[in-house]
Amino acid sequence: MITAQRESRGLRLDWITIVLFLLLVGFGWVNILSASHQGEVTNYFDMEQPFGKQALFIILTLALIILTLAIEAKFYERFASIIYFASLLSLLGLFIFGKNVNGATSWYAFGGMTLQPSEFAKFATSLAVAKYISDLQTNIRTLKDQLRCIAIIVIPAILILLQNDAGSTVVYGAFFFVFYREGLQRIYLIIGVVLILLSVFALKFGIIFTVILTAVVVFGIHFFGKRKRPMLIETISVLLLCIGFAFGVKYFYDDILKEHQKDRISLWLRLESDPEKLEEMKQTILYNLNESEKAISSGGLAGKGFLQGTRTTGKFVPEQHTDYIFSTVGEEWGFLGSALVVILFVALLTRILYLAELQKSQFSRVYGYCVASILFLHFMINIGMVMGLIPTIGIPLPFFSYGGSGLWGFTILLFIFVKLDSNRLYDW
């Protein structure tokens, strides 16, 4: 009887999520093959080529899925803190044993293979956040618990930032969506939007214009707002904080950011006025983006066909099989193929959110929202970057981009939730 019940539990997997995952991974490998092949492909497991290595990573991923699903669901909640601290240790170890690749010390080297612990820190942090929020003593509406939640997120983010991996650090902003779902006050959302606008205005239009505009808006709200008028001292305090933040953004941009980071922001906001400097930046920073946009636009409605993309086969886009993999989709599969990829991602995100709302355990629900938020931010930033809608940030497209660490990290992140969901009717 007990055996039969356990077997029935194992069969309660959400196959819609699994099928969407397999479609994304499979289509991703097809595009990695297009972006990295050289001449006629005779061996799909050629370990000298990215597509051969990715094929091996995918096979190992299937074993990783079986292992993740074989572990009892309660294990992930019970040992969430230990998994989190183990992840922090793996990030700290990089400062001693890490290998520097392209200026970032984010990998451990094992012979001819490398492992990037920041990819695994995402699911570890998600487990820790879900564990803390679901604790009976936690009230996300109180400042004390908000600060503790932020600390759980900020610690790994800082460790990753110190490794010179700003792209992976940005992803940790995804947890804001989780907090908002669990009852974080709306004022934080308003503050976040205001800070983003202040940052953009301070860089784009300068401090003086930003200060004047901020003063007009703040005093306008004070004198003409429909709600109860705040005290003048409170209005002045808000104004001073906004002005201080604007000055801080300008200082951070001018004196803290590295030159290549400033160049990317400058191009995005069209800050550069020197024609010679602008042309130099276009030949360096914008080269990948320009070639990516050309590849996507050349695909037209239906694309040029599998292995027929001239800009892809000509290697016009550097590292096209990694962060710029979506440009391969655009060229060889066209608008229809690109739309299909977007639909698959949206379907997966929607399914995760739908399942998260069905969970009887707050731990499972919070973790589900963590999964959806992380995947969404990766998806939005990567495709936005490839199309020139946001500044260039080096993060992969989940399940699509080349790389074993990324594929395994996202797989564990997703299939822990699949396991939690399969168990929701029995143990909670």
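Quick note: numbers below take in every heavy atom, side chains included, and nothing from hydrogens, waters or symmetry partners.
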Approximate separation, where rounding is to 0.5 Å, of [X] [atom1] and [Y] [atom2]:
X: T214; Y: L241; atom1: OG1; atom2: CG; result: 11.5 Å
X: D135; Y: Q362; atom1: CG; atom2: CD; result: 9.5 Å
X: L62; Y: L22; atom1: CG; atom2: CG; result: 7.5 Å
X: I65; Y: L69; atom1: CD1; atom2: CG; result: 7.0 Å
X: S422; Y: L420; atom1: OG; atom2: CG; result: 7.5 Å
X: L159; Y: S118; atom1: CG; atom2: OG; result: 11.0 Å

Under the 3.5 angstrom rule, does the side chain of [X] hit a backbone N or O of [Y] as a donor-acceptor pair?
X: E77; Y: F363; answer: no
X: E332; Y: G309; answer: yes
X: Q146; Y: I140; answer: yes
X: Y132; Y: L127; answer: no
X: H378; Y: P396; answer: yes
X: S298; Y: K294; answer: yes
X: Y84; Y: I152; answer: yes
X: T210; Y: G206; answer: yes
X: E119; Y: L407; answer: no
X: S168; Y: D165; answer: no

Closest heavy-atom contact between [X] and [Y]?
X: K131; Y: A80; answer: CB-CB, 3.8 Å
X: S401; Y: T322; answer: OG-O, 2.7 Å
X: F175; Y: K122; answer: CZ-O, 4.3 Å
X: I153; Y: Y172; answer: CG2-O, 3.6 Å
X: S373; Y: V178; answer: OG-CG2, 3.7 Å
X: P117; Y: L94; answer: CG-CD1, 3.5 Å

Open item on the list: Tell me every residue that passes side chain to side chain donor-acceptor pair (under 3.5 Å) with T17, counting only those two or more places apart in sequence or in another chain.
Closed with: D14
Using the ring centroid of each side chain, check whether [X] and [Y] are separated by less than 6.0 Å.
X: F51; Y: H321; result: no
X: F21; Y: F415; result: yes
X: F57; Y: W408; result: yes

Just checking [X]: does its [atom1] atom have more than 12 heavy atoms from other residues, nucleotides or ligands closer to it than 6.0 angstrom?
X: F85; atom1: CZ; value: no
X: Y251; atom1: OH; value: no
X: I208; atom1: CD1; value: no
X: F335; atom1: CZ; value: no
X: F306; atom1: CZ; value: yes

For a 4.5 angstrom cut-off between non-hydrogen side-chain atoms, does [X] reach [Y]?
X: W333; Y: L340; answer: no
X: S338; Y: V342; answer: no
X: S90; Y: F120; answer: no
X: F95; Y: L162; answer: yes
X: S126; Y: L413; answer: yes
X: Y402; Y: I325; answer: no
X: I133; Y: F179; answer: yes
X: V371; Y: F123; answer: no

Open item on the list: Under the criterion salt bridge (charged side-chain N to carboxylate O under 4.0 Å, His left out), I'd like the reasoning laid out for E357 against R181: C-alpha separation, chi angles, the key distance, then a yes or no.
Closed with: CA-CA 11 Å; E357 289 297 334; R181 164 61 183 84; 2.8 Å; yes
Task: Derivation and outcome, side-chain contact (heavy atoms from CB on, under 4.5 Å), residues K419 and I71 - done: CA-CA 8 Å; K419 179 63 178 184; I71 297 174; 6.0 Å; no
Task: Any side-chain donor near an acceptor of the partner, T105 and N100, under 3.5 Å - done: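 Their side chains do contain a donor-acceptor pair, which is all the 3.5 Å distance test asks for.
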TODO: Would you kindly say whether Q359 and Y369 are connected by a side-chain donor-acceptor distance under 3.5 Å?
DONE: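 Note: Q359 and Y369 side chains miss the donor-acceptor criterion.
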Task: Worked verdict on L213 versus F205 for side-chain contact (heavy atoms from CB on, under 4.5 Å) - done: CA-CA 10 Å; L213 179 63; F205 303 107; over 6 Å; no
TODO: Evaluate the ring planes of F400 and F345, with Trp represented by its six-membered ring, and classify them as parallel (under 30°), tilted (30 to 60°) or perpendicular (over 60°).
DONE: tilted
TODO: Show your reasoning for whether side-chain contact (heavy atoms from CB on, under 4.5 Å) applies to V194 and L197.
DONE: CA-CA 5 Å; V194 169; L197 291 176; 5.7 Å; no
TODO: Starting from the C-alpha separation in whole Å, work towards a yes-or-no answer on side-chain contact (heavy atoms from CB on, under 4.5 Å) for F79 and I82.
DONE: CA-CA 5 Å; F79 293 97; I82 295 176; 3.5 Å; yes
TODO: Starting from the C-alpha separation in whole Å, work towards a yes-or-no answer on side chain to side chain donor-acceptor pair (under 3.5 Å) for D145 and T142.
DONE: CA-CA 6 Å; D145 288 330; T142 64; 3.2 Å; yes
Task: Option among Q308, R311, Q320, K304 that satisfies the side-chain hydrogen bond (donor to acceptor under 3.5 Å, both in side chains) test with E331 - done: K304
